[in-house]
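So the structure is just underneath, and the comments pick up after that.
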Amino acid sequence: MTPDPRIESVPCDLCGADDAPVLHAAMDGWPADAAGHFAATTDVFGAYGTIRRCRRCGLAYTSPRLKASALLDGYANAPDEEYRLEGDARSMNAYLSLAVLRRFAKGGRLLEVGSSAGFFLNAARLSYEVTGVEPSEWARDYSVKRLHLPVVARTMDEARFPDGHFDAAALIDVIEHLADPLAALRELARVLRPGGHLYLVTPDIGSLSARLLRGRWWGLRPAHIYYFDRKTMTAMLEKAGFEVALVKSYGRIFTWGYWLSRLENYPRPVYKAVEALIGLMGFEDKFLYLDTRDSIQVVARKR
């Protein structure tokens, strides 16, 4: 069989070792590069590649995987209308994140990498001078034309921000998608002033639900490349030039209908029982805050 030129095998991004046994075998359908798999609201939790765990440092990651250029193309061409339809909930989630970030950085210049449709930046501009970077053409267009936000480039390499330009930065459900998260964190450290703060959110593969659900955990997705727990996330931030100031679980607000849609890949009896309950109570469009304890939010200070 002719090798796929879009695919490469990689060593551990945290410690550089190439000693990572399989944690979860690749699912049917991989490599998954359909546009829908790159949307933030995708419910495709299968079709992921071979997930490995480094013996030396414990970082979990996908290898072999799509090359960085193929990943970027995937995000660039991925519309996500469902993301926009949950805009009210995403705005509420933005304020929850901002309440945490403002404890450490009350104002100044704020950069969000992977700003998507701009709901976080739109909320943040009440307190900060905001700038966004986003690879998706659909999301950039929505941010600029509908919300009038300064989303200035697809990638940090394109943006070429000066050293120490920002007081704070955000990576919300982004770092797990990056081909080289350590390099991305080092670039963020470069553009943050000394003492500036980074806020990030990512799924927690060390959580109880990830360990119990194993290959059926929601965090195992086609477009996720790296899987962090609290230990490996802290180690990577420290290696990139940060010191961790806060680590805690991260809960979200969505409509009951949206939460139900996230259960479609779980056992059918569970899905049907919850669907019937929500329909009976008429809760489809009502909001629900849930902290399932399998995502983490982190605030880190540039040293």
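Nothing here was measured: the structure is a model prediction, and the numbers come from that model.
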Path from Leu126 to Phe119 over hydrophobic side-chain contacts below 4.5 Å: yes
Donor on one side chain, acceptor on other, Asn77 and Trp138, under 3.5 Å: no
Under a 3.5 Å threshold, yes or no: a donor from one side chain and an acceptor from the other, between Ser209 and Asp294? yes
Strictly by modelled atom types, are Ser63 and Arg52 linked by a side-chain donor-acceptor pair under 3.5 Å? no
Any side-chain donor-acceptor pair under 3.5 Å between Thr131 and Arg109? no
Distance-only donor-acceptor check, side chains Ser136 and Arg154, under 3.5 Å: no
For Glu176, enumerate each residue passing the salt bridge (Lys or Arg N to Asp or Glu O under 4.0 Å) test, keeping only those at least two apart in sequence or located in another chain. none
Hphob cluster co-occupancy, Val174 + Val244, side-chain heavy atoms under 4.5 angstrom: yes
Quick one: do Asp19 and Arg55 make a salt bridge, cutoff under 4.0 Å? yes
Is Ser143 reaching over with its side chain to a backbone N or O of Ala117, donor-acceptor style, under 3.5 angstrom? yes
Give, for atom CZ of Arg190 and atom CD of Glu187, the distance between the pair rounded to the nearest 0.5 Å. 4.0 Å
Between Lys302 (side chain only) and Gly196 (backbone N and O only), is there a donor and an acceptor less than 3.5 Å apart? no
With the threshold set at 4.0 Å, does a side-chain nitrogen-carboxylate oxygen contact exist between Glu134 and Arg140? no
Backbone N/O of Ile253 and side chain of Arg90: donor-acceptor pair under 3.5 Å: no
Considering only residues two or more places apart or on different chains, which pairs with a residue in residues 91-116 satisfy ring pair (Phe, Tyr, Trp, His ring centres under 6.0 Å)? Phe104-His197
Are Leu198 and Val299 close enough that some pair of their side-chain heavy atoms sits under 4.5 Å apart? no
Could you note down all residue pairs passing side-chain hydrogen bond (donor to acceptor under 3.5 Å, both in side chains) where residues 232-242 supplies at least one of them, sequence neighbours left out? Asp229-Thr232
Could you check whether any side-chain N or O of Lys67 sits under 3.5 Å from a backbone N or O of Ile7, counting only pairs where one atom can act as donor and the other as acceptor? no
Identify, with sequence neighbours excluded, every residue that meets side chain to side chain donor-acceptor pair (under 3.5 Å) alongside Tyr226. none
Going by heavy atoms in the side chains, are Phe120 and Ser91 under 4.5 Å from each other? no
Are a donor atom and an acceptor atom from the side chains of Asp291 and Ser249 found within less than 3.5 Å of each other? yes
Sorted by chain and number, sequence neighbours left out, salt bridge (Lys or Arg N to Asp or Glu O under 4.0 Å) with Glu137 holds for none
Please determine, by modelled atom types, if Thr155 and Asp157 share a side-chain donor-acceptor pair under 3.5 angstrom. no
Honestly curious: do Val22 and Tyr48 fall in one hydrophobic cluster under the side-chain, below-4.5 Å linking rule? no
Does Phe166 form a ring pair (Phe, Tyr, Trp, His ring centres under 6.0 Å) with Phe161? I'd like the steps, not just the answer. CA-CA 9 Å; Phe166 294 98; Phe161 296 118; 5.0 Å; yes
Indicate, with yes or no, if Leu72 and Leu185 share a hydrophobic cluster defined by side-chain heavy-atom contacts under 4.5 Å among Ile, Leu, Val, Met, Phe, Trp and Tyr. no
Mind checking what makes salt bridge (Lys or Arg N to Asp or Glu O under 4.0 Å) contact with Asp141, not counting sequence neighbours? Lys145
